[in-house]
Every structure is written in C-alpha cells, then in structure tokens.
Asks: 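Got a structure here, written out as structure tokens. Questions coming.
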Amino acid sequence: MFITLVLCTVLVFLSVVIKVSTDVAVASSVDTIGNLTKQSILSEYDLILKKRYGIFAVRLNDYTLSEKVKYYYDYTFSDKHYVDISEVSGHPLKTLVDGNCFVSQVKDTLLYFGRPELPEYLDIEDEEEILKNHRVNARWILSQLPSHGDCIGIDGNLISNVSINEYLFIYFKDYVNDRELGKTYFRNEIEYILTGTPDDEKARKEVKTKLILERNVNNIAYLYSCEEKRQEALMFAELIAPEFGPAVQALILEAWAFLESVNDVELLYEKKKVPLLKDDSSWAITFENAMENILGSDDSEEKTSMEIVEDFDYEKEYDTGAIEPDEIKGLTYDDYLKTLLLLMNEEKKVYRTLDLIQLNMKYIYDETFLIKEYATAFSYDITVNGRKYSFEASY
C-alpha cells in the first residue's frame, strides 16, 4: 500500500513535470515561430510599390492576416499532436491611407537615397499615350482616392515638408521634366498635386495661371521701379487720353507686366531660367512688343486705343513666342513649382501624392490596387493550448 502511494505520487509529480516542460517548450516554440511569422509576413511587401515608389507595405486585412498567421503555425505544428491552436485573430495597425505612415516611409526612403527602379514593361511610355490628355471622370474611381476620403491629420513640421518636396521631384513627373519615369497615368503629376484637378491639361493651365499671377506681382514692381519704362507708358497714355494720363499709364503698365509674366512662363516651359526679381538685362518684352499685343488684342475697329487698353483681356491665351531677354538667369520651372509646394497645405500635398500612387499602380500594375489596403504595421493574437500570445510588427 505504501509502495503504491509512493508510485502514484511519483507519477503525479512526473506528469506535472512533463506538463510544465511541455508548456515551456510550446511557449518557447510559439515565441520563436511568432517572430519568424512576423518577418515572413513583412517580407511579403509589394515589390512593385517598393521599387517604383520606395514604399514598404504589405496588402493585408483582418481575414488575410489571420489566414497567413494560421498557415505558418499549422505548417510548423502539423505533426505536433500535443499543440492545440484554438484561435487566431489579426489586425493591420497602420495603413498607407494614414498620411503619417506615408511621410515616415518617405523619410526612410530619402535617408537611404532611394531612387525609382522601373521594371522593363514600365520603362518606356508609348508616344500615343504621351499625347493623350488623361483625366479621371468616373465617380467610383474618384471616391476611392485617398484625398477624397476622411484624411487623417498630418503631424507635420519643416523637415517632413521638405522631405515630401524632395521626394516628389524624384518619383513624379511635371510638364517640363518627365525624369525618365516611364508610364504614368497623368503626364503632369506635380501639377495635379498642386491643383487636385484630375485632368492633365486643366491641371497644367491652372498651375500656369498661378505662375503668371506670381510673376505678375514682381514684374509690375520692376516696371514701377524703372524710370525709362514708366516714361514710355506715360507718354503713350497722354497721347491717347491726355486728361487721364496717370490712370491709363497704370493700365498699360499692368498689361505690360502681365505679358512679361506670360512670356516668363513660356521661357520656363522651354527649360530656360527666369529670375524672381527682374532687372533691365532679364526683361524681355519691349514697349513695342507690349503695345502690339495690347492694341491687337481686340478685333473691333470701332474701339479707340483708350478703350482697347481699358478692356485688355487678361483671360485670353497670349502667345508672346517666348522672347528671350539679353540675359538668361534665375530659377527653373521646377524651382517655381517648389515654391508653390512650400506654400501648400501639407495634408493636401500628402494625400494627393497618395492619389497618384494609387492611380499609377492601378494603371500599370493591378487594377484592384487601393492604398487603404496596404499596411506598414500589424498585430495578431494566437491561442495555443489555452494560452493567448500577442505579437506586433512594423517596417
């Protein structure tokens, strides 16, 4: 009886030791497999998204994440009958539709000097495609764009703003510079970011208007500072309307500055430079050129010169022929776009950039691509032998 009691005690003790040892071994295995599972899922990032835009993200939702986790654990413990996996649940924690996640990825990309890598089938854009005026009219496509949803506020600062600007001029095109980026849906991508207009030609014209207005302020300031040009305008004003000389002079100077501004943008389109502040050597439109455009801007022969000056049409598309000044100097088209971007709301800038990534990925890679489905961090819980384990991972 005594021996039986001792043997039972020993067996119970051994059972406890075996159970504890098994639990410790299983817990250690679960932790090890958990870390391997995290790395395996992170390694499934979208390769095209990484190469083309320098962004690490994996396509996940609650269901697909849980299925991936379950697959890895089932594969590992398939022949371990003492391991019971009863519950798996996973959740993406951060997705690219959160602009802050995207900004963080941009900073990392720039830190490691990332540059676009184009697969062969994206390398060259067809000439016919280049000539097309691409636009987006479908409401279902527009409604899915990140900038048309509930945008999460950006925790922005000067560093993040500068980082986004630098990123844009590496990974996106503009009207003057395609940066050899191959196929994209819009030709004028940075113009889209500035305007939010999903139409190539309209976006270009809207940015052109912004540049003309910006240039006009500086050009009118130069004209008023130049005695010679002021006198030319005053002499003509007194000739056509002696009683309103100074008022007509102001109208002529404003129209002259506007024409110079139009010419400035044409020079920028030709990849030439235009200074922020003009001087005699960088001024292109002569008084004769200006008056030819001003007086020739109305076909009505019934109007007097005074009436034509008063009715000068600032909405008309004037072609000054990109007259070159004596000295080409100053800033490029891209430099002027950068000044507009610096003044732009950072939240709009970030989410319109995400719009372009989504449109391009749909256009050249996967028509089902949606930014909101791509995660940069996730967590999952798994219950093994009645014990719950939690894991988190991020890029």
Asks: Going through the checks in order, is the side-chain hydrogen bond (donor to acceptor under 3.5 Å, both in side chains) test met by Ser282 and Glu327?
Replies: CA-CA 5 Å; Ser282 57; Glu327 187 176 356; over 6 Å; no
Asks: Tell me whether Trp256 contacts the main-chain N or O of Ile220 through its side chain, where contact means a donor paired with an acceptor under 3.5 Å.
Replies: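 Not confirmed, Trp256 side chain does not pair with Ile220 backbone.
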Asks: Parallel, tilted or perpendicular for Phe378 and Tyr380, by the 30°/60° rule?
Replies: parallel
Asks: Got a second to check how far Ser394's OG is from Lys94's NZ, nearest 0.5 Å?
Replies: 6.5 Å
Asks: In terms of heavy-atom contacts, does CG of Asp79 have more than 12 from other residues, nucleotides or ligands at under 6.0 Å?
Replies: yes
Asks: Is Leu276 reachable from Leu342 through a run of hydrophobic residues whose side-chain heavy atoms are each under 4.5 Å from the next?
Replies: no
Asks: Do the ring centers of Phe102 and Tyr53 come within less than 6.0 Å of each other?
Replies: no
Asks: Salt bridge check, Glu191 against Lys205: does any charged N sit closer than 4.0 Å to a carboxylate O?
Replies: no
Asks: Tell me, with the steps shown, if Arg135 and Glu201 meet salt bridge (charged side-chain N to carboxylate O under 4.0 Å, His left out).
Replies: CA-CA 9 Å; Arg135 61 175 70 89; Glu201 187 59 18; over 6 Å; no
Asks: Can any side-chain N or O of Glu232 pair as donor or acceptor with the backbone N or O of Phe287 at less than 3.5 Å?
Replies: no
Asks: Are Arg204 and Asp199 ion-paired here, with the side-chain N under 4.0 Å from a carboxylate O?
Replies: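 Salt bridge absent between Arg204 and Asp199.
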Asks: Distance only, no hydrogens: is a donor on one side chain within 3.5 Å (strictly under) of an acceptor on the other, for Asp326 and Ser281?
Replies: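 Checked: Asp326/Ser281 side chains show no N/O donor-acceptor pair below 3.5 Å.
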Asks: Rounded at 0.5 Å granularity, tell me how far CZ in Arg187 sits from CG in Asn133.
Replies: 12.5 Å
Asks: Between Tyr395 and Phe56, how do the two ring planes meet: parallel, tilted or perpendicular, split at 30° and 60°?
Replies: parallel
Asks: Please list, chain by chain and in numerical order, all residues satisfying side chain to side chain contact (heavy atoms under 4.5 Å, CB included) with Asn177, sequence neighbours excluded.
Replies: Asp174, Arg179, Asp334
Asks: Mind running side chain to side chain contact (heavy atoms under 4.5 Å, CB included) on Leu145 and Leu359 for me, showing each step along the way?
Replies: CA-CA 8 Å; Leu145 293 177; Leu359 286 170; 3.9 Å; yes
Asks: Could you tell me whether a side-chain N or O of Lys372 sits under 3.5 Å from a main-chain N or O of Thr95, the two making a donor and an acceptor?
Replies: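 The answer is no, because no donor-acceptor pair under 3.5 Å joins these two groups.
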Asks: Just how far is it from atom OH of Tyr351 to atom CD1 of Ile152, taken to the nearest 0.5 Å?
Replies: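 Taking OH in Tyr351 and CD1 in Ile152, the distance rounds to 5.0 Å.
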Asks: Hey, are Glu266 and Lys272 close enough for a salt bridge, meaning a charged N less than 4.0 Å from a carboxylate O?
Replies: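 Looking at Glu266 and Lys272, the cut-off is not met.
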Asks: In a check of side-chain contact (heavy atoms from CB on, under 4.5 Å) between Phe312 and each of Ile252, Leu259, Leu251, which one passes?
Replies: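 With Phe312 as partner, side-chain contact (heavy atoms from CB on, under 4.5 Å) holds for just one option, Leu259.
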Asks: Answer yes or no: is there an ion pair linking Lys208 with Glu317, defined by an N-O contact shorter than 4.0 Å?
Replies: yes
Asks: Step by step, work out the salt bridge (charged side-chain N to carboxylate O under 4.0 Å, His left out) result for Lys38 and Glu392.
Replies: CA-CA 8 Å; Lys38 291 191 302 183; Glu392 286 190 11; over 6 Å; no
Asks: Transitively linked via ILVMFWY side-chain contacts under 4.5 Å: Met235 with Phe244?
Replies: no
Asks: Say whether, by atom type as modelled, one donor and one acceptor occur between the side chain of Asp335 and the main chain of Thr332 under 3.5 angstrom.
Replies: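 Pair found, side chain donor or acceptor close to backbone of Thr332.
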Asks: How about Lys173 and Asn188: do any of their side-chain heavy atoms sit closer than 4.5 Å?
Replies: no
Asks: Do any N or O atoms from the side chain of Asn360 and from the backbone of Tyr185 form a donor-acceptor pair under 3.5 angstrom?
Replies: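 A pair under 3.5 Å: yes.
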Asks: Before you tell me yes or no, could you show the steps for Ser86 and Asp84 under side-chain hydrogen bond (donor to acceptor under 3.5 Å, both in side chains), namely the whole-Å CA-CA distance, both residues' side-chain angles and the distance that decides it to 0.1 Å?
Replies: CA-CA 6 Å; Ser86 58; Asp84 176 35; 5.0 Å; no
Asks: With distance as the sole criterion, is a donor-acceptor pair present between the side chains of Tyr389 and Asp31 under 3.5 Å?
Replies: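 Asp31 and Tyr389 do not have a side-chain donor-acceptor pair below 3.5 Å.
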Asks: Centroid separation under 6.0 Å, is that true for the rings of Tyr75 and Tyr73?
Replies: no
Asks: Give a yes or no answer on whether the side chain of Asn100 reaches the backbone of Gly153 with a donor-acceptor pair at less than 3.5 Å.
Replies: yes
Asks: Could you tell me the separation between the CE atom of Met344 and the CG atom of Leu194, rounded to the nearest 0.5 Å?
Replies: 6.0 Å
Asks: Do Leu60 and Leu47 sit in the same hydrophobic cluster, where Ile, Leu, Val, Met, Phe, Trp and Tyr count as joined when their side-chain heavy atoms come under 4.5 Å apart?
Replies: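 Yes, one cluster joins them.
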Asks: For the atom pair CD (Glu87) and OG (Ser66), what is the distance rounded to the nearest 0.5 Å?
Replies: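 Those atoms lie 9.5 Å apart.
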Asks: Any donor and acceptor pair, going by atom type alone, linking the side chain of Thr109 with main-chain N or O of Gly54 inside 3.5 Å?
Replies: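 Confirmed, Thr109 side chain pairs with Gly54 backbone.
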Asks: Given the rule in the side chain to side chain contact (heavy atoms under 4.5 Å, CB included) test, do Ser160 and Lys107 qualify, once you have shown the distances and angles that lead to the verdict?
Replies: CA-CA 7 Å; Ser160 65; Lys107 290 178 181 177; 3.7 Å; yes
Asks: Stepwise, does the side chain to side chain contact (heavy atoms under 4.5 Å, CB included) test hold for Asp355 with Arg352?
Replies: CA-CA 5 Å; Asp355 289 351; Arg352 287 174 185 173; 4.2 Å; yes
Asks: Okay, side chain of Tyr171, backbone of Arg52: is any donor-acceptor separation there less than 3.5 Å?
Replies: no
Asks: Between Ile41 and Val69, is any pair of side-chain heavy atoms under 4.5 Å apart?
Replies: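 Contact flag for Ile41/Val69 side chains = yes.
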Asks: Taking 4.0 angstrom as the limit, do Lys362 and Glu367 come out as a salt bridge?
Replies: no
Asks: Is a donor on one side and an acceptor on the other found under 3.5 Å between the side chain of Arg215 and the backbone of Ser261?
Replies: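 Checked: no pair found.
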Asks: Please check if atom NZ in Lys388 has more than 12 non-hydrogen atoms from other residues, nucleotides or ligands closer than 6.0 Å.
Replies: no
Asks: So do Leu142 and Pro198 actually touch side chain to side chain, heavy atoms under 4.5 Å?
Replies: yes
Asks: Would Cys226 and Asp280 count as a side chain to side chain contact (heavy atoms under 4.5 Å, CB included) if you check the C-alpha gap in whole Å, the side-chain angles of each, and the deciding distance to 0.1 Å?
Replies: CA-CA 8 Å; Cys226 180; Asp280 291 346; 4.1 Å; yes
Asks: Is there a side-chain contact between Leu341 and Ile193 in this structure, where contact means two heavy atoms from C-beta onward sitting under 4.5 Å apart?
Replies: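 When only atoms from C-beta onward are counted, Ile193 and Leu341 do touch, with a gap below 4.5 Å.
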Asks: Only one of Asp313, Ile240, Leu295 passes side-chain contact (heavy atoms from CB on, under 4.5 Å) with Ile308; say which it is.
Replies: Leu295
Asks: Decide if atom NZ of Lys273 counts as having more than 12 heavy atoms of other residues, nucleotides or ligands within a radius under 6.0 Å.
Replies: no
Asks: Between Gln249 and Arg230 (side chain of the first, backbone of the second, donor and acceptor by atom type, cut-off under 3.5 Å), is there such a pair?
Replies: yes
Asks: Would you say the side chain of Asp366 lies within less than 4.5 Å of the side chain of Met361, judging by non-hydrogen atoms?
Replies: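 The answer is no; the side chains never approach within 4.5 Å.
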Asks: Report whether Leu65 and Leu370 are members of the same hydrophobic cluster (ILVMFWY, side-chain heavy atoms less than 4.5 Å apart, transitive linking).
Replies: no
Asks: Hey, does Leu96 have a side-chain heavy atom less than 4.5 Å from the side chain of Leu49?
Replies: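 Yes - at least one pair of side-chain heavy atoms lies under 4.5 Å apart.
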Asks: Under 4.5 Å between side-chain heavy atoms, hopping through other hydrophobics if needed: is there a path connecting Tyr71 to Val384?
Replies: yes
Asks: How far does OH of Tyr175 sit from OH of Tyr333, to the nearest 0.5 angstrom?
Replies: 8.5 Å
Asks: Please determine, by modelled atom types, if Tyr222 and Lys229 share a side-chain donor-acceptor pair under 3.5 angstrom.
Replies: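 Side chains of Tyr222 and Lys229: pair found under 3.5 Å.
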